[in-house]
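Okay, so here's the structure we're looking at.
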Amino acid sequence: MGKSNCERIWNGRMKACRGVGASLSKEKLKEWESEHLKMLSEIAPEEFDIKHYAALVELQAWK
């Protein structure tokens, strides 16, 4: 079964944004990617929206 574009995009974002790619060896990364894409193909709809949350804090130095 082919992977949808949403699955591939989300897989890539998780790999980059959560530090997965930077923290795993090449072998472990291939294993993670295979498991993640399998999980997405089983539970994710063909298309889905990704909700984002952002927090912003403005700090001031004490004088």
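- We find the CG-CH2 distance between Leu37 and Trp10 to be 13.0 Å, quoted to the nearest 0.5 Å.
- Put simply, NE2 on His36 and CE on Met39 are 4.0 Å apart, with the number rounded to the nearest 0.5 Å.
- Across Trp32 and Met14, no two heavy atoms sit closer than the pair CH2-CB, 4.0 Å.
- Through direct or relayed side-chain contacts under 4.5 Å between Ile, Leu, Val, Met, Phe, Trp and Tyr, Trp62 connects to no other residue.
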Derivation and outcome, side-chain contact (heavy atoms from CB on, under 4.5 Å), residues Lys15 and Leu29: CA-CA 9 Å; Lys15 188 168 40 175; Leu29 183 57; 3.6 Å; yes
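- Hydrophobic cluster membership for Val57: Leu59 (Ile, Leu, Val, Met, Phe, Trp, Tyr linked by side-chain heavy atoms under 4.5 Å, directly or transitively).
- Of all non-hydrogen atoms in Glu7 and Ala44, the two that sit nearest each other are OE2-O, 4.3 Å.
- Annotation: side-chain contact (heavy atoms from CB on, under 4.5 Å) contacts of Ser25 (sequence neighbours excluded): Glu27, Lys28.
- Atom CD in Glu35 sits 12.0 Å away from atom CG in Leu40 (nearest 0.5 Å).
- Of the possible donor and acceptor atoms, none in the side chain of Ser34 sits under 3.5 Å from a partner among the backbone N and O of Glu31.
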